Amino acid sequence: MAAAVNGWLLNNFAATYKHVTYLNFCPINFLQARNYAARKGTREKARKKKVKVVVEKVGFIPHDQRALARDKNKKKLEEKDIIFDDSKKPDPEDNVWICERHKLKIYSFEEAIQSHRETHHPTIYNMPNAPISAFIELDMQGVKKTKFVDTFSRVVCLPHTFNHGQNRKILAFCKTTEMEDIAKEAGADFTGGKPLIKQVQNGAFSVKDYDVIVSEPSILPDLLLVRGLMKKNFPSIKLGTLNSDIKMVVNKFRNGIKYTAKPHDLLKSYGTTDVIFGTLDMDTKQLEENFAAIVLDINNAKPKRPGPFITRTRIICPPSPEQLKVDFEQYLPKVIEAEEEVDEKQDAVIASH
C-alpha cells in the first residue's frame, strides 16, 4: 500500500508511522482490510457442532473385562470373553485337576448337593441350612437370526415349599361365594365378586395394593369394566392368573418362586437366570423335584425354533464359590419332543405327496 503526503511517498505502515510522529498529525485515515482467508478448520468445527452425537449405551462391564472394553483396536467383546466354553478342553484324567485347564466335571444331582453340604458343614462355613440355587445359562436366539428373546419373568410352583422370602399380596375375583371360600383357604389375601368390581369401578377399593390379581374365567366379562385400572396385572392365561382352578392358581403365586431371565448387555444371544429352589437341610429328593420343576418351567418359555433353550446348569450355594455342573436334560420331556419330531416327519411326508 502506498500514499502521497506533501510530495512524500509512504511505502509501508512503518514509514507512515514515522512520518506522522514528526508532523504530529495524521494526514490519511487508514481503513483496516482483511485480505486473507479464514483459519483452516473453523467452518468444519462449526459444522460439527450442529451434528448431534449419539452415545450408544453398552451397559455395565465387569471390572475384569474393562481393559478389553478400553482397547481401541477391539470394538466389542468376543463371545469367548463372555461365555465360558470348555468344549475344547481335555477331560480330567484323575481325581485332582486344575479347573481352568480342563472341562467342568458333570455331577449327578445327589453328588452336587452332598458336595455343598460338606463345604457348609459347621466345621467349615457353618451354614447347614443355606439357600441353594441353580444358575442356568440360556440360548436367547429367537425364531429369526436377527431377533432375540427379551427379558422375561415367570412364577413357578414348586412341589415342596420352603421359606424363600418372596411375599405377595393376592387378590382373587370369584363368581360365587363358595369359590371365594376356596380362594381364602388357599391363601388369598382378599376375595370378591361383582360387588367388589363395582367398588373398584367407583374408586372405593384400590387394586394397587395387591401384587397379583387372579380370577375365574366365568367372571371375566364383568371384570373387563375395570381392566384399565388393573393394567398389567389384569388376569390372563399368558400370565397364568386366569384359571378355573382357583385353588391351584392362588397356591402357585403364594408359594411359587419368581425368577427373571435376561440377556447379556453386550451379547444378546446369551442369557442367564439364578433361581433358588430350596435349602441344604431339605431332603435330597425334594430338592431334586424342585429343581426339575424349575428346569421344565424355563424350557416351556423356549421360542419355537430348533435347538436347545437351556445350554448349561450349575448348582451354587453361597458363600461357597463352587459351581457344580449337573445334567439337566434328564428332566426335560423327551417323550413330547419325540412326538413333535414324528409329527414333523408326517407333515413333511404329506407335503411331499
Side-chain angles (χ1 to χ4, degrees), residues 109 129 131-134 136 152-197 200 205-220 222-223 226-227 230-261 273-302 331-333 336:
F109 186 84
N129 59 344
I132 188 167
S133 57
I136 301 176
F152 64 90
S153 298
R154 294 167 65 97
V155 176
V156 53
C157 186
L158 301 181
H160 304 284
T161 60
F162 62 98
N163 185 15
H164 47 69
Q166 297 181 5
N167 299 319
R168 308 178 190 92
K169 293 189 66 176
I170 302 175
L171 173 64
F173 287 94
C174 305
K175 188 72 173 178
T176 61
T177 55
E178 291 80 5
M179 296 303 295
E180 290 183 20
D181 295 336
I182 294 175
K184 288 180 181 178
E185 292 177 0
D189 295 282
F190 201 87
T191 60
K194 288 185 179 180
L196 181 60
I197 296 176
V200 174
F205 185 88
S206 176
V207 296
K208 296 181 179 179
D209 299 331
Y210 296 88
D211 303 310
V212 182
I213 301 175
V214 299
S215 171
E216 291 183 282
S218 57
I219 201 174
L220 189 61
D222 300 317
L223 204 60
V226 292
R227 182 173 185 174
M230 297 182 184
K231 297 180 181 179
K232 293 182 180 181
N233 287 337
F234 187 79
S236 65
I237 298 176
K238 184 178 180 181
L239 296 176
T241 53
L242 182 65
N243 198 299
S244 57
D245 191 352
I246 197 69
K247 181 178 180 181
M248 182 274 295
V249 175
V250 173
N251 183 60
K252 174 182 177 180
F253 287 94
R254 169 62 64 189
N255 302 318
I257 293 292
K258 183 179 180 181
Y259 64 90
T260 301
T273 181
D274 190 354
V275 194
I276 182 173
F277 61 89
T279 56
L280 284 177
D281 56 350
M282 294 176 62
D283 184 68
T284 305
K285 193 64 178 178
Q286 294 179 348
L287 291 173
E288 187 174 9
E289 291 177 359
N290 286 355
F291 176 76
I294 290 174
V295 170
L296 182 60
D297 189 80
I298 294 176
N299 190 70
N300 290 336
K302 171 187 173 182
Y331 305 108
L332 297 178
I336 298 177

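What's counted below: heavy atoms across the whole structure, side chains too, no hydrogens, waters or symmetry copies. Nothing here was measured: the structure is a model prediction, and the numbers come from that model.
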Report yes if some heavy atom in the side chain of [X] is under 4.5 Å from a heavy atom in the side chain of [Y]; otherwise report no.
X      : Y      : result
Val207 : Phe234 : no
Val155 : Val212 : no
Thr191 : Met179 : no
Val226 : Phe173 : no
Ile213 : Thr241 : no
Met248 : Cys157 : no
Leu158 : His164 : no
Lys175 : Lys194 : yes

Identified side-chain contact (heavy atoms from CB on, under 4.5 Å) counterpart of Val249 within the set Leu242, Val214, Ile170: Val214
Partner of Ser153 under side-chain contact (heavy atoms from CB on, under 4.5 Å), chosen from Thr273, Leu239, Thr260: Thr260
List the residues meeting side-chain hydrogen bond (donor to acceptor under 3.5 Å, both in side chains) with Asp245, not counting sequence neighbours, and say none if there are none. none
Taking only residues two or more places apart in sequence or in another chain, which ones pass side-chain hydrogen bond (donor to acceptor under 3.5 Å, both in side chains) with Arg168? Gln166
Any chance you could measure [X], atom [atom1], to [Y], atom [atom2], to the nearest 0.5 Å?
X      : Y      : atom1 : atom2 : value
Glu216 : Ile182 : CD    : CD1   : 8.5 Å
Leu280 : Ile132 : CG    : CD1   : 5.0 Å
Leu171 : Leu196 : CG    : CG    : 6.0 Å
Leu296 : Leu332 : CG    : CG    : 7.5 Å
Leu220 : Arg227 : CG    : CZ    : 8.0 Å

Which atom of [X] lies closest to which atom of [Y], heavy atoms considered:
X      : Y      : value
Gly193 : Glu180 : N-OE2, 3.4 Å
Ile294 : Ile276 : CD1-O, 4.0 Å
Pro235 : Leu223 : CG-CD2, 3.8 Å
Ala188 : Val250 : N-CG1, 3.5 Å
Ser215 : Ile219 : OG-CG2, 3.2 Å

Given the rule in the side chain to side chain contact (heavy atoms under 4.5 Å, CB included) test, do Phe109 and Leu287 qualify, once you have shown the distances and angles that lead to the verdict? CA-CA 9 Å; Phe109 186 84; Leu287 291 173; 3.9 Å; yes
NZ of Lys285: more than 12 outside heavy atoms within 6.0 angstrom? no
More than 12 heavy atoms of other residues, nucleotides or ligands under 6.0 Å from CG of Asn163: is that the case? no
Pick from Tyr259, Tyr331, Phe291, Phe162: which one makes a ring pair (Phe, Tyr, Trp, His ring centres under 6.0 Å) with Phe277? Phe291
Between Asn243 and Lys252, is a side chain to side chain contact (heavy atoms under 4.5 Å, CB included) present by the stated rule, with each step listed? CA-CA 12 Å; Asn243 198 299; Lys252 174 182 177 180; over 6 Å; no
